Number of protein chains: 2
Amino acid sequence: MFEAKLIQASLLKKILEPIKDLVESANFDCSPSGISLQAMDSAHVTLINLLLRTDGFETYNCERSLSLGLSINALSKALKCAGNDDTLTMKARDEPDTLSLYFESPKNDRVCDFEIKLLDLGNDQYTIRDTEYAAVIKMPSSELQRICRDLSTLGEVVTICANKEGVKFSTSGDVGSFNITVRPTTDSSAKSEDSITIESKEPITLNFSLKFLTHFTKATPLSPTVKIKMTDSAPVVVEYNIEDLGYLSFFLAPKLE
Amino acid sequence: MFEAKLIQASLLKKILEPIKDLVESANFDCSPSGISLQAMDSAHVTLINLLLRTDGFETYNCERSLSLGLSINALSKALKCAGNDDTLTMKARDEPDTLSLYFESPKNDRVCDFEIKLLDLGNDQYTIRDTEYAAVIKMPSSELQRICRDLSTLGEVVTICANKEGVKFSTSGDVGSFNITVRPTTDSSAKSEDSITIESKEPITLNFSLKFLTHFTKATPLSPTVKIKMTDSAPVVVEYNIEDLGYLSFFLAPKLE
DNA sequence: GTCTTCGCGC
DNA sequence: GCGCGAAGAC
């Protein structure tokens, strides 16, 4: 028996938004310590890593681990039916073939219940190692989103070049070339949310598909800040913290020169 | 070497907005006295005339005149990436094949630099003579915009009929006909921005394409007022003053009856 | 291509 | 807080 209640159904909406563009279906692995999801997009270019710890749930019950294979699209459709302030309760039996979702409006005057059929997806496991990074950049998530949007108007590949002094995002296309440079915040009075910090072990330059990076930034509503972690010849990690719950992070392999 | 700095990148945005619907590319002629642009739309119906004097620039350096052939669309895309309060610096070498644009945020924590390839556009010159006009109408630019928008819902051609007493904008279409008449402001306490004045040498009536006139009114954000200058059998001049810098004006040949 | 939605600017 | 413009969905 699995049962978990979120105060904000809309939070799961925000989580699914960036995921649904990348994968059609995925296993939600529910365990006593929380819910996690690892999935690669169909082209095996990006890896999604989601963790929701039990702490952030209103109630959470899961005695035995179970894996819920879900169509992201179906789940997303279901969540569209939730009011913006509705709570969400998820329930599944021990050998489930469906997941039940309950939306309740704050005043309790409206209750929706959804039954979604589970898919048998097999059990791909991805090992994710948290290595040392040559650079870890923290910046306002909206700023990364803006940068990706701006660069996309001109090019398809972004070169990210980071050192202690700043981060340069570059692209080029038919009409010319374009660089955006951001510098670490020096104004110590700035709120942590608005500030840019760079932990740089060594200068690093990597190329990435702008399309995917732009997809990732659909997670912007989840967090005011985003972390970009880069190491030479390794996938970049774009990480959005989910308050009280955990994180949603994306891995994207660099493009070769 | 050409270098010019504008405090408000958004000003160039506003200048390009009405231009980009009319022409794909144009020469920006930079000289020691300022920047000018003359261009006709592809159908050779309208002529655009832009002048930016050096006074309005924060800094301006141009020893030798040069002509920068630019895709208006590319330039417009570049400017979309500028924050609303960013400053804009334009730079070109003496025999340039690119124009460099630099956007800097007020706090200097974000710098964009753009290189736009120049186009070889040839050197069409248009002579513009400032004649005597039968009527010169000054009115709030937003009012002209509103009039064009309203008339467009009904017809495709506007008849402008001006004399000392007022200006009548008329159109007719399938569902009927529509006149809007404005009269000179008599209230001397009215601000100059809000007032309507008519200098009328002789009554005049001309017909114009509403589509083009409506395009011109996209320059409304540039100036609180607009001047309409008309003479029999000659193009109307629709002129927007750009504070401290110069003007953007449009010429449109009248339609025959 | 049209319509709706969301984000940004006024 | 309202209106406008751009982006995404059908």
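All values reported here derive from a predicted model rather than from experimental measurement. Residue numbers start from 1 in every chain, and the chains themselves are labelled A, B, ... in the order their sequence lines are given, proteins ahead of strands.
Looking at residues two or more places apart in sequence or on another chain, you find a side-chain contact (heavy atoms from CB on, under 4.5 Å) between B/Ser172 and B/Ser177.
Protein atom NZ of B/Lys80 is 12 Å distant from nucleotide atom C1' of D/dA7, rounded to whole Å. In this structure, B/Leu79 places its CG atom 17 Å from P of D/dG5, rounding to the nearest Å. Rounded to whole Å, the distance from CD on A/Gln145 to P on D/dA6 is 17 Å. Distance NZ (B/Lys77) to C1' (D/dA7): 15 Å, rounded to an integer number of Å.
Looking only at distances, a side-chain donor or acceptor of B/Tyr60 sits under 3.5 Å from a matching main-chain atom of B/Gly34. A donor-acceptor contact shorter than 3.5 Å is absent between the side chain of A/Ser249 and the backbone of A/Val237. Between the B/Thr171 side chain and the B/Val158 main chain, no donor and acceptor come within less than 3.5 Å of each other. Using a distance-only test at 3.5 Å, with no hydrogens or angles considered, no donor-acceptor pair links the side chain of A/Ser100 to the main chain of A/Glu115.
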List, one per line, each side-chain donor-acceptor pair under 3.5 Å for residues 69-79 of chain B, sequence neighbours excluded.
residue : atom : partner : partner atom : Å
B/Ser71 : OG   : B/Asn73 : N            : 3.4
B/Ser71 : OG   : B/Ala74 : N            : 2.9

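When DNA chain C is scanned in the 5' to 3' direction for atoms under 4.0 Å from non-hydrogen atoms of chain B, the outermost contacting nucleotides are C/dG9 to C/dC10.
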